[in-house]
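Taking it in order: structure first as structure tokens, then the write-up.
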Number of protein chains: 2
Amino acid sequence: MSSIKDVAQRAGVSVATVSRALSGNGKVSSASRDAVHQAAKELGYVLSYNASSLASGRSRNIGMVMPTVSRWYYANVLQGATQELNERGYDLTLYNTSGEQRHRDAVFQDLLMRQRLDAVITVTLKLTAPELHQLQAVKKPLVALGGLLPQVQTIRVDDFNISALGTEHLISLGHRDIAFLGGTDEFNIDFCLPSARLDGFEYALDQAEIRVNPQWLLNADFTTAGAYQKVRSLLSNPRGRPTALLCASDEMAFGAIMAARDLGLNVPNDFSVVGIDGHELGDLFGLTTIAQHPHAQGEAAVRRIMELLGEEDPTPDGAAPEFFPTEFVLRTSTAPPAGA
Amino acid sequence: MSSIKDVAQRAGVSVATVSRALSGNGKVSSASRDAVHQAAKELGYVLSYNASSLASGRSRNIGMVMPTVSRWYYANVLQGATQELNERGYDLTLYNTSGEQRHRDAVFQDLLMRQRLDAVITVTLKLTAPELHQLQAVKKPLVALGGLLPQVQTIRVDDFNISALGTEHLISLGHRDIAFLGGTDEFNIDFCLPSARLDGFEYALDQAEIRVNPQWLLNADFTTAGAYQKVRSLLSNPRGRPTALLCASDEMAFGAIMAARDLGLNVPNDFSVVGIDGHELGDLFGLTTIAQHPHAQGEAAVRRIMELLGEEDPTPDGAAPEFFPTEFVLRTSTAPPAGA
DNA sequence: CTGAAAGCGCTTACAG
DNA sequence: CTGAAAGCGCTTACAG
């Protein structure tokens with residue numbers, strides 16, 4: 001591999017000039033610049049990021065930490081962030097906190113600390129105090145996507161309102177017997193879906209003066225299969241069942257719809273279902289949902305990081321809304337209750 | 001941040017000894033070793049990977065290149081690889097070839113070349129000759145997961161046999177009118193599902209002396225929604241329809257099952273469906289499939305890389321099968337055809 | 001077993 | 001605008 005010296009020699013300039021010409025930092029005559037680019041091209045020169053990072057303190061590498069990548073939301077956030085970063089010549093290094101505790105510890109104590117990252121994006125993570133402290137000690141920009149990190153710049157959707165909106169939709173159709181399917185405590189922590197979604201649900205019912213039936217407050221593991229089981233039980237209860245359900249994720253809503261169908265119920269006539277997410281499959285299931293565009297969230301997190309790194313002009317203040325925009329998508333999984 | 005010098009000073013030894021004690025390379029008295037570890041711990045020292053890499057030429061960082069991360073197979077490969085890597089103190093840097101051509105070019109011409117990676121894992125990628133040449137010029141270990149890269153160590157499942165097996169299953173149930181749903185050419189290239197799956201299908205039919213109906217050779221975009229459309233059309237054809245279908249992915253098989261149900265057909269009695277993948281949702285759909293364990297494939301790729309890097313003992317020759325093991329999973333989406 | 005020193009390939013004040 | 005030189009924080013022959 002040719003080094004910067006080879007380029008300098010071939011271009012007939014100093015190493016310093018090559019560095020300046022290639023990086024764009026500092027003044028270089030256009031003659032020198034051309035000679036350098038020409039020489040670099042001829043040699044197939046690519047600079048060593050390790051050396052560059054060591055000398056400059058900038059790595060052009062962003063760390064992303066998430067609890068899993070194989071769930072819909074995370075995979076899409078990751079996809080959006082990678083593309084946005086690669087486009088800028090940045091790398092994305094991926095860390096996963098799932099699995100054993102010692103792996104998670106390794107991530108926070110070692111991997112993230114190794115001075116190889118310019119910034120870190122956490123995704124729906126709830127960090128322990130030492131973990132957060134650790135991260136902040138590095139003095140690198142930190143942006144959170146979702147999650148609950150005090151004093152960290154966070155991009156998030158308005159979970160409370162999303163839930164309230166979905167619930168109001170059902171109420172406005174005439175439903176009064178409405179169930180809610182959220183995450184189990186375990187998952188609420190890992191995926192850090194704050195209680196906001198449940199709160200929004202209860203708030204909307206409260207506003208409509210409908211009493212919450214505690215039996216109809218369910219939770220599952222955010223998988224389609226887990227939701228299927230729960231909703232099957234719910235709908236099989238001979239002592240009466242709800243006419244509608246709000247799910248904290250689309251993947252769970254799919255399970256709910258499948259469970260209802262397998263019991264011979266018609267969705268939406270016998271049972272209405274609302275999801276939250278905007279999963280591609282929603283179309284097929286006819287799922288009414290609130291879309292949250294995780295791909296765009298991943299991109300937004302990258303742009304925010306770039307602003308913090310001074311690589312990009314900050315978004316004008318007025319343009320930065322408190323919450324990431326979401327969108328109500330009406331399809332065919334909701335209708336007035338049978339008796340209405 | 002404290003540096004190696006601080007540790008050396010505090011431990012009362014030289015920088016060289018600290019390096020040796022911490023890395024485990026070279027001889028160090030146990031007294032020195034203890035002093036160094038003690039000092040490092042007190043200072044909260046974490047070594048700079050950039051400096052370490054520059055000096056040693058080893059980055060403890062593996063690149064993974066895939067066409068997308070938001071499809072089931074890829075997300076799971078990624079998850080398996082990250083965990084396996086992080087466990088060894090390695091980082092995973094993710095590259096995505098989807099999107100515009102210039103992004104793909106950037107990945108191959110710049111990102112991968114920057115000397116920051118010890119090795120590269122490609123996932124179901126078909127590289128152009130220059131791309132492959134580029135990658136090989138770096139002289140770093142290269143392992144492929146699936147895909148068609150000549151002269152590259154590849155971990156792959158036996159696509160031909162998988163398809164043949166699924167088809168034989170249907171034939172043995174008595175089906176003779178069997179359709180196949182593969183990928184469109186565009187996706188066959190990106191996801192590099194070789195024609196092997198179609199070949200296996202045709203081979204099995206041929207063995208059973210069944211003629212392939214060209215009208216029943218379909219392809220879609222590997223999504224559930226795409227498959228749904230295709231299969232809906234297929235099954236709506238008044239001039240007769242197949243009694244069974246082999247799908248090149250489980251996600252497509254789900255779409256096929258949904259399409260059949262929406263047309264009022266009973267799966268499996270009116271229409272049998274077989275998938276390929278082992279997607280978690282297969283259980284819910286009762287999908288008969290051939291499971292290929294992408295999470296384990298990701299882990300296997302990492303282990304292979306570690307062997308090539310000399311970090312791990314090579315698997316004894318006899319233990320390394322030509323193909324990654326797969327598993328036939330019989331569920332309830334297949335049954336003898338109605339008339340049988 | 002240990003240390004002084006060269007060197008990895010860049011960047012960036014500094015002086016011109 | 002340009003170059004000589006110091007320095008980024010490590011690793012590793014080399015000599016002891």
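Quick note on labels: first sequence line is chain A, next is B, and so on, each numbered from 1.
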> Using a cut-off of less than 4.0 Å, is there contact between a side-chain N or O of Tyr45(A) and OP1 or OP2 of dC10(C)?
Replying inline: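 Answer is yes, contact under 4.0 Å.
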> So, is Ser48(B) close to the dG9(D) phosphate, meaning a side-chain N or O under 4.0 Å from OP1 or OP2?
Replying inline: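 For dG9(D), neither OP1 nor OP2 has a side-chain N or O of Ser48(B) closer than 4.0 Å.
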Hey, is the main chain of [Y] close enough, under 3.5 Å, to the side chain of [X] for a donor-acceptor pair?
X	Y	result
Gln79(A)	Asn76(A)	no
Glu299(B)	Glu84(B)	no
Arg156(A)	Gly147(A)	yes

> Between dG3(D), dG9(D), dC1(D), which nucleotide gets closest to the side-chain atoms of Ser29(A)?
Replying inline: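 Of all the options, the side chain of Ser29(A) is nearest to dC1(D).
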> Rounding to the closest angstrom, what is the interatomic distance between dG16(D) and dT12(D) at atom C1'?
Replying inline: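 Nearest-Å result for dG16(D) against dT12(D) at atom C1': 16 Å.
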>> Measuring only the P atom in each nucleotide, how far is dG9(D) from dA13(D)? A whole number of Å is fine.
In response: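 To the nearest whole Å, 23 Å.
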>> We want to know whether Gln297(A) and Gln292(A) form a side-chain donor-acceptor pair, criterion being a heavy-atom distance below 3.5 angstrom.
In response: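 Per modelled atom types, Gln297(A) and Gln292(A) side chains form a pair under 3.5 Å.
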Nearest-angstrom distance from the residue atom [atom1] of [X] to [atom2] of [N]:
X	N	atom1	atom2	answer
Arg60(B)	dG9(D)	CZ	P	21 Å
Asp6(A)	dC10(C)	CG	C1'	13 Å
Arg116(A)	dC10(C)	CZ	P	17 Å
Gln9(A)	dA4(D)	CD	C1'	16 Å
Lys5(A)	dG3(D)	NZ	P	16 Å
Asn50(A)	dG7(D)	CG	P	22 Å
Leu22(A)	dT2(D)	CG	C1'	16 Å

> If you find the nucleotide of DNA chain C closest to Ser32(B) and the one closest to Leu54(A), which residue's nucleotide is nearer the 5' end?
Replying inline: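 Upstream on the strand: Ser32(B).
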>> Among Val7(B), Val36(B), Val28(B), which residue satisfies the side chain to side chain contact (heavy atoms under 4.5 Å, CB included) criterion with Val13(B)?
In response: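 With Val13(B) as partner, Val7(B), Val36(B), Val28(B) yield a single side chain to side chain contact (heavy atoms under 4.5 Å, CB included), made by Val36(B).
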>> Generate the contact string for nucleotides 11-16 of chain D. Rules: B means base contact, S means sugar-phosphate contact only, - means no protein heavy atom under 4.0 Å.
In response: BBB---
To the nearest 0.5 angstrom, please state how far the [atom1] atom of [X] sits from the [atom2] atom of [Y].
X	Y	atom1	atom2	result
Ser3(B)	Tyr45(B)	OG	OH	7.0 Å
Leu125(A)	Met66(A)	CG	CE	9.5 Å
Gln153(A)	Ile121(A)	CD	CD1	11.5 Å

>> Between Asp91(B) and Arg116(A), does any side-chain N to carboxylate O distance fall below 4.0 Å?
In response: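 Yes, this pair counts.
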>> Give the dot-bracket line for DNA chain C from 5' end to 3' end: parentheses for intra-strand Watson-Crick or G-U pairs under 3.5 Å, square brackets for crossings, | for inter-strand pairing, dots for unpaired.
In response: |||.||||||||.|||
> Start at the 5' end of DNA chain D and walk down; is the nucleotide closest to Ser2(B) or to Val13(A) reached first?
Replying inline: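 Result of the comparison: Val13(A).
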